[in-house]
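The structure appears below as structure tokens.
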Number of protein chains: 2
Amino acid sequence: MNIKDIARISGVGISTVSRVINNKGLVSKETRERVLNVVKEYNYIPNSNAQNLKTTQSKNIALMVKGITNPFFANMIREIERQVNLRGYPFLIQQVEDGTDEINAAIQLAKEKNLCGIIFMGGTYNHSEEKFKQLTIPFVLTTITSTQQVDPAIFSSVIINELREAYKATNYLISLGHRNIGFLAKSPLLDETTGNRRYLGYKKALEEQGLPYDAGLVEDCEYSPSSGFNAARKLLNKNKGLTAIFAASDTIAIGAAKAVLTAGLSIPDDISIIGFDGIEMAEYYHPSLDTISQPGTEMALSSVGVLFDLISEQSGNQHIVYDAVLLKRGSCKMITAR
Amino acid sequence: MNIKDIARISGVGISTVSRVINNKGLVSKETRERVLNVVKEYNYIPNSNAQNLKTTQSKNIALMVKGITNPFFANMIREIERQVNLRGYPFLIQQVEDGTDEINAAIQLAKEKNLCGIIFMGGTYNHSEEKFKQLTIPFVLTTITSTQQVDPAIFSSVIINELREAYKATNYLISLGHRNIGFLAKSPLLDETTGNRRYLGYKKALEEQGLPYDAGLVEDCEYSPSSGFNAARKLLNKNKGLTAIFAASDTIAIGAAKAVLTAGLSIPDDISIIGFDGIEMAEYYHPSLDTISQPGTEMALSSVGVLFDLISEQSGNQHIVYDAVLLKRGSCKMITAR
DNA sequence: TTGTAGGCGTTATCAG
DNA sequence: CTGATAACGCCTACAA
């Protein structure tokens with residue numbers, strides 16, 4: 001079943017069918033009706049490969065996600081897909097393996113599927129300006145931004161200020177009287193990763209408040225409960241007088257909380273815990289975990305918005321910075337004399 | 001940059017370039033080398049639209065997921081993608097909106113992208129045999145199976161026996177002495193959904209053990225902590241002498257646990273809770289939640305295996321049924337006289 | 001308002 | 001071994 005068949009069966013020319021399908025050009029009402037009937041009857045679906053090949057300018061939008069299992073991304077992905085579909089654009093999700101270069105993957109994909117836009121979610125910051133320039137179609141970095149070395153004029157982003165929000169979290173703990181605050185995130189913390197930005201916020205807060213930075217209070221871990229659990233247990237075993245933990249994600253925070261509770265300690269009486277992201281699970285943990293909650297849905301929405309502004313050339317590259325919210329649910333407590 | 005350019009620059013014919021790229025047919029070593037260099041230098045990537053258009057038989061594999069935010073699916077998705085990529089096939093994930101017909105979407109996608117195989121994850125059971133027959137390429141239903149009315153010879157599946165496993169969970173609670181066991185899942189429970197299969201298992205266990213079925217103990221809820229929380233709270237407020245809850249998913253179980261704990265009750269001393277799926281979060285909840293753990297990774301692996309067997313025509317349709325495991329972590333307890 | 005024909009970038013079938 | 005050349009299914013001037 002191709003356009004030729006439909007044309008033959010409907011007793012019209014190929015271009016007429018094309019016009020009907022694409023709602024382009026003038027076609028008499030009767031002809032349109034007739035063609036549409038045949039299309040429906042034979043269940044005809046245009047071959048998008050041929051369409052894309054011809055038009056060179058497909059309407060494909062891709063989402064490149066690094067860490068598709070991240071629960072914080074789950075709702076965002078759903079929202080992004082909804083928004084893209086709403087605009088009538090085909091949408092495809094591409095998972096980027098940890099360790100592979102998402103920009104390279106995107107360049108490849110863009111050529112292969114001739115995409116008209118890309119949204120990046122997750123991943124690292126360290127891409128060179130020339131790499132970005134190879135990506136000749138509009139794209140938006142969501143959740144991530146780039147190093148300062150890259151000209152902000154050549155890319156768009158929708159982010160939160162990771163450093164400031166982590167600073168906020170740490171400061172909150174300090175304001176509650178905590179002095180020995182553990183930090184859990186994924187190493188290497190030297191790199192331009194989200195984890196590192198949060199780490200820098202943590203350090204900045206300590207410094208500003210005149211608290212000593214103790215590398216022994218910083219533990220490496222993956223963004224998962226199991227890893228958070230192990231890292232927190234290590235931290236507890238160090239006997240460093242730990243009274244609070246700042247986890248770089250809620251998934252880590254949950255694992256850390258489990259470690260604390262398993263050790264027979266109480267949250268927040270013995271140890272205060274605060275996470276980051278604002279996933280649903282953190283709220284339904286017992287006790288509910290404090291967190292820095294990112295406006296995921298808004299960020300998703302706005303990412304698609306920025307991308308389509310770019311595609312329709314209604315505006316140039318934009319950088320939108322959202323505020324995250326410190327949610328106090330009771331897992332952090334003012335420190336008291338023991 | 002297209003194949004013609006590469007041919008011109010390398011000083012060879014178009015077909016030679018094609019042969020080099022696809023590693024097909026004979027090409028002298030020097031020519032191959034020369035072409036390969038040009039390809040690398042100009043960063044040439046074949047247009048897959050043209051390839052697919054020509055070959056009619058692409059190597060695209062699609063995963064159609066209903067409920068991409070389901071944390072139980074997260075690891076499975078990752079594993080499936082890994083396995084498909086390992087075999088050198090392009091892979092695309094398509095989210096299916098709740099409420100839309102995944103088979104229709106698949107038929108469309110298969111034509112558009114001329115796929116060579118599809119894996120379905122999540123969704124309902126009630127598709128007609130003729131619908132399946134419209135899907136002329138190999139496909140595997142993972143996590144889901146179809147109604148008995150559909151000839152098993154026309155589709156493949158990788159599943160667990162939902163009914164039996166739910167029966168196992170309920171029976172476990174009964175064996176601990178529980179009589180008033182609440183059940184939480186998504187309605188309508190009349191439909192051929194996963195939730196319904198688990199519901200039937202719950203009912204069957206009650207019946208076999210001679211316990212009365214009480215519709216008041218069954219509460220409708222979505223597969224999320226918040227919904228589980230609300231449903232469990234309703235259940236508790238009914239004062240039906242509830243001593244145990246069987247939640248149709250771990251996400252629900254977590255919400256239900258929160259409701260129990262928030263009410264000032266203890267798990268498992270006052271209320272026993274068991275979930276379903278075996279997600280990481282359930283283990284790191286406090287207390288760790290008992291669950292029926294599905295072998296997600298194995299199922300993912302085996303789904304891809306079955307699909308490729310089908311594609312390479314090494315075997316016909318298969319139906320693989322895995323066993324789930326009842327994990328006892330302490331959230332269920334023998335009932336004691338009060 | 002409608003049909004014809006050329007070409008999008010590939011692959012595959014042939015002769016050379 | 002290599003190079004024309006005809007499709008693949010569709011869109012789009014351009015002609016009718």
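Atom set for the values below is all heavy atoms of this structure, side chains included, hydrogens, waters and symmetry mates excluded. Just so you know, these numbers come straight off a predicted model, no measurement behind them. All chains are named by letter (A, B, ...) in the order of the sequence lines, taking the proteins before the strands, and each is independently numbered beginning at 1.
Atom CG in B:Asn47 sits about 18 Å away from atom P in C:dG7, given to the nearest Å. Rounded to an integer number of Å, the gap from A:Arg34 CZ to C:dG3 C1' is 14 Å. Straight-line distance from the CG atom of B:Asn49 to the P atom of C:dG7: 20 Å, rounded to whole Å. The interatomic distance linking A:Arg8 (CZ) with C:dT4 (P) rounds to 14 Å, in whole Å. For the pair A:Ile21 CD1 and D:dC10 P, the computed distance is 7 Å after rounding to whole Å. Rounded to whole angstrom, the span from the CG atom of A:Leu53 across to the P atom of C:dG9 amounts to 7 Å. Rounded to whole angstrom, the span from the NZ atom of B:Lys4 across to the P atom of D:dT5 amounts to 12 Å. The CE-C1' distance, from B:Met1 to C:dG9, rounds to 13 Å in whole Å.
Side-chain N/O atoms of B:Lys24 include one lying less than 4.0 angstrom from OP1 or OP2 on C:dA12. Between B:Asn2 and C:dG9 there is a side-chain N or O to OP1 or OP2 distance below 4.0 Å. Between B:Ser18 and C:dA12 there is no side-chain polar atom (N or O) within less than 4.0 angstrom of OP1 or OP2. Put simply, A:Gln51 has no side-chain N or O that comes within less than 4.0 Å of OP1 or OP2 on D:dC10. Contact annotation: A:Ser28 side-chain N/O to C:dT2 OP1/OP2 distance is under 4.0 Å. Between A:Asn22 and D:dC11 there is a side-chain N or O to OP1 or OP2 distance below 4.0 Å. B:Tyr44 has a side-chain polar atom (N or O) that falls below the 4.0 Å cut-off from OP1 or OP2 of C:dT10.
A donor-acceptor contact under 3.5 angstrom links the side-chain atoms of B:Ser15 to the base of D:dG3. For C:dG7, the base has a donor-acceptor partner in the side chain of A:Lys54 [N/O atoms by modelled type, under 3.5 angstrom].
Of the listed residues (A:Ser156, A:Ser157, A:Ser302, A:Ser303), just one forms a side-chain hydrogen bond (donor to acceptor under 3.5 Å, both in side chains) with A:Thr142, and that residue is A:Ser303.
Taking a cutoff of 4.0 Å between a charged side-chain nitrogen and a carboxylate oxygen, B:Glu33 and B:Lys29 do not qualify as a salt bridge. B:Glu79 and B:Arg82 are joined by a salt bridge, as a carboxylate oxygen and a charged side-chain nitrogen come within less than 4.0 angstrom of each other.
B:Ser48 comes within contact range of no nucleotide atom at all, as no heavy-atom separation falls under 4.0 Å. Base engagement by B:Ile14 is indicated by at least one non-hydrogen atom pair under 4.0 Å involving a base atom.
Of the residues near DNA chain D, B:Arg19 and B:Ala50, the one whose nearest nucleotide (by heavy atom distance) lies more toward the 5' end is B:Arg19.
Using a 4.5 Å heavy-atom cutoff, the side chains of A:Leu92 and A:Leu63 are not in contact.
Taking the six-membered ring where the residue is Trp, B:Phe132 and B:Phe139 present parallel rings, their angle staying beneath 30° rather than reaching 60°.
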